[in-house]
Each structure stands twice: as C-alpha cells, then as structure tokens.
2 protein chains.
Amino acid sequence: MTDAKAMDTRQRLLAAGERLFRTQGYAGTGLKELTEVAGAPWGSLYHFFPGGKEQLGAEVMRYAGALYARGIAATFMRFTDPAEAAERMFLSEASVLSASDYRDGCPIASVTLDIASTSEDLRAACAEAFASWLQTIAAGLAAAGAPDETAKALAGFILSALEGAIVLARAAKNPAVLLQSARFVRAAVEREAEGWTSR
Amino acid sequence: MTDAKAMDTRQRLLAAGERLFRTQGYAGTGLKELTEVAGAPWGSLYHFFPGGKEQLGAEVMRYAGALYARGIAATFMRFTDPAEAAERMFLSEASVLSASDYRDGCPIASVTLDIASTSEDLRAACAEAFASWLQTIAAGLAAAGAPDETAKALAGFILSALEGAIVLARAAKNPAVLLQSARFVRAAVEREAEGWTSR
DNA sequence: GTCTATAATACGATAGAC
DNA sequence: GTCTATCGTATTATAGAC
C-alpha cells in the first residue's frame, strides 16, 4: 500500500521532530539533520509539509501534545489518588531525564521559549498542547472530587512546577529538584483534597 | 577615557544578549542582530569575546544571573514574610510578561533548553546562574527561620514553579497560571513556615 | 508522485584596511 | 587597536530528473 508507506515516513518525520526539538529546541534543529534522523529523503519533507519548517513544527507540537496527553491520562487512570498521580509525573520525568543523560526534556517548552515571540502559529500550537495537558490533569483531579475551578487552578500549578523542575534539572544535570518539587506538589494536592473528600 | 568606552560597548553587548536570548533563545539569535541591537560594530564582538558566540553566551548567563539574583535578594529584603516574598516573585513576573506582550521570559531557561545537550560550557554557566538564584532564595528562607535543608528544598520548589509558570504563561499569552501558582506556592511556604515560627 | 541536485540566503568567524 | 569587507559553511526552500 503506497498510502501506508507515505503515512510511515510522515510519522517518522514527526517523531524525529519530537526527539530533536526536546533536546535542541526548534531554532537549533536543522531540517537536514531532521530528515537524516527520520531516515527520510530530503525532498519528502516538503512533500508532506509544504509549509516548510513552521508547518512541520506546528504538527510536531500537535503530535507530541497528543502523545504526552495519553501518558498523563494513563497516570491518573492508574493512580486514582490524585496526589500520588501528580507525584508520579515528577518521578517518571526524573527517570526519563537521567536515562537520557538529561537530554530528553519537554519539546513544547523548548519550542515555546524559542519562538513564542516570533511565530504566532507555532505559539498557538504550543499553547494548545499545554492546554490539552492541563485539561487532562484537571479531568483527573475532577474525577477524584475536585470542583472545576479548583481542578483547573491546581492543574496549572502542577504542570508549572513540573515544567520548571525539568528546566532546572537539565541545567544542573541532577534530578534533585524534581524529587523536591514532587514532595511539595504532592503535599499541596493532599491539602487541597482534604476539602473534597466527603468523609 | 578609552577604557570606560570599551567597558560600555562590552556591557551593551551583554545587555543585548540578555534581551535577545530571553525572547528568542540562543540558537534563534544571530550575532549580527545582536550587535545591531547593542549599537556596536560587528568586529567589536570578537574583540571583546574572542571565543565567539559560545563565550558571549556564557558571559551573558553570568551577567543575567547576577542581575536577577540582586532582584530576588531585594524582594526577600523588602518582604520579610517569606511566603509573601515568594508570591511577589510570581506577581512581579506576571507584570513583566504582560508589559512585554509575553516576550520577556527567562534568559537562563531559554538558553538551557537550547543548548543543555550540545555545549557543556554553556550548560554549566546556566547551572551556575540557577544555583545562585536558589542560594539567594534559600538564604531568604533561612533568614526567616527555615532549617538549611528545608530552605534548599523549598527554594528548588519555588523556582521550579516560577520558571514553569513563565513558560506556560508565554505559550498561552495569559498570566493566569502565574497567579494560580503564586497562590499555591504561597500556601506551601506558609504551611512549611508553621514549623519554624517559635510562637 | 519521489527523490536528487541546486539555488538563495543567513550564519559564525576572520583578515586586512585605517 | 577599531572596525569594514569578505570567506566558507550551513541553513531553508525549490526545481527538475526519474
């Protein structure tokens, strides 16, 4: 099937974008390098993404956004205690970072800091990815009994702490700040949850 | 005085680096653009920074690191209640972001995500800048009575939440997440501080 | 319709004029 | 000893061969 193969290279380009953007950022990643990593011929990039780098970037944001949102949802499904689920997000990220020698950060954050001020389309794509994660976290909190407004605010706080801890951990090449933040975030969620639990 | 003028252009180059890196990142900033913004001739860059872009980047990290550390110290000096001081850091950043239409983020974070995996020298310079901020925050907490270990951990948590909130706020072009996180961080500090206050 | 070869440009870095 | 003009390279994008 020619369609299946086409989808495959397209998918490989998106996956390569996700991998490279999270380690090098958007501006620091060349399209030549990207096609090489994807094992795709040079011309295929403009075949699948006629809009060039900017279109590819935006679609990588959507791809990575959906990918990670599934992971967050799975975590909140697996750990029904929202405080534990939140803590697990930090611990899981600590594993990813140390396993990759602190290379594999967050692709959305990297691209955001690179282009938030220069490309409105890409910025909007980043915002949408973050929004979907916030919505996923908030849904997990709401499932545990959090009122809607509390769930939204708490989700913003959890994701902020996580994203910031990733930045600090990568700079220091040390997971300590992730583990520290995990404890405080867990405590904060527990404290909030006291208000929801009926008993 | 020729020395004074030389220091001036050098300083202007550093200041331009700080401004451009925080909006565009390291890889996204061209040296030509940087010298133009600094109002400095092209050649002066390699006169003052023979090591080229990488040396300039590292020195900008030191410059911005020291600059912001003074601001953090001033905040903890002005607001002796550490919970309020922490909250003020978030509110102040919200002002900076909305005043700059969400362009002026954190230069250290931007550079970290761009080059943590590609330049060891720059990564170390970023780590040192963050470490000085953490130390400043921890000192402010310790001055309010926090035990050393608690102060260090809490400082990591506060700065993580702040850095992450900046990223999310810039993507969304919305300060809400900064204000939300401010509340939770303030509550967390207050809760911890219950253990220190003698009365 | 896929891909190779190439164009046009911007980059970081250098060398030589003043 | 400052700065302007230029080099080589790498970038994004295109155009034409199969």
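What you see is a predicted model; the values in this text were computed from it and never measured.
- With the end axes of the helix from C:dG1-D:dC18 to C:dC18-D:dG1 each set by five pairs, the angle from one to the other reads 20° at 10° resolution.
- For A:Leu20, the side-chain contact (heavy atoms from CB on, under 4.5 Å) partners at least two apart in sequence or on another chain are A:Gln24, A:Thr29, A:Glu33, A:Leu34, A:Val37.
- Judged as a salt bridge (Lys or Arg N to Asp or Glu O under 4.0 Å), and not counting sequence neighbours, A:Asp148 has no contacts.
- Shown here is B:Glu128, whose CD atom has no more than 12 heavy atoms of other residues, nucleotides or ligands within 6.0 Å.
- B:Ser44 is not listed as a side-chain neighbour of B:Arg12, based on a closest heavy-atom distance of 4.5 Å or more.
- The separation between B:Leu45 atom CG and C:dT14 atom C1' is 13 Å, rounded to whole Å.
- Here B:Glu163 pairs with nothing under the salt bridge (Lys or Arg N to Asp or Glu O under 4.0 Å) rule; sequence neighbours left out.
- When the C1' atom of C:dT4 is taken as reference, atom CD of A:Glu36 falls 14 Å away, rounded to whole Å.
- Within the hydrophobic cluster formed by Ile, Leu, Val, Met, Phe, Trp and Tyr side chains joined at under 4.5 Å, directly or through other members, A:Leu179 is accompanied by A:Leu91.
- As rounded to whole Å, 8 Å separates atom C1' of D:dT2 from atom NE2 of B:His47.
- Atom NZ of A:Lys53 sits in a crowded spot, with more than 12 heavy atoms from other residues, nucleotides or ligands closer than 6.0 Å.
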Next item on the list: Please assess A:Arg19 against A:Asp104 for the test salt bridge (Lys or Arg N to Asp or Glu O under 4.0 Å), listing each intermediate value before the final yes or no.
Entry: CA-CA 7 Å; A:Arg19 283 213 321 226; A:Asp104 292 352; over 6 Å; no

Notebook entry, point to check: If the sugar-phosphate is the primed atoms plus P, OP1 and OP2 and the base is the rest, what is the B/S/- string for nucleotides 4-16 of chain D, using protein heavy atoms under 4.0 Å?
Noted result: BB------BBB--

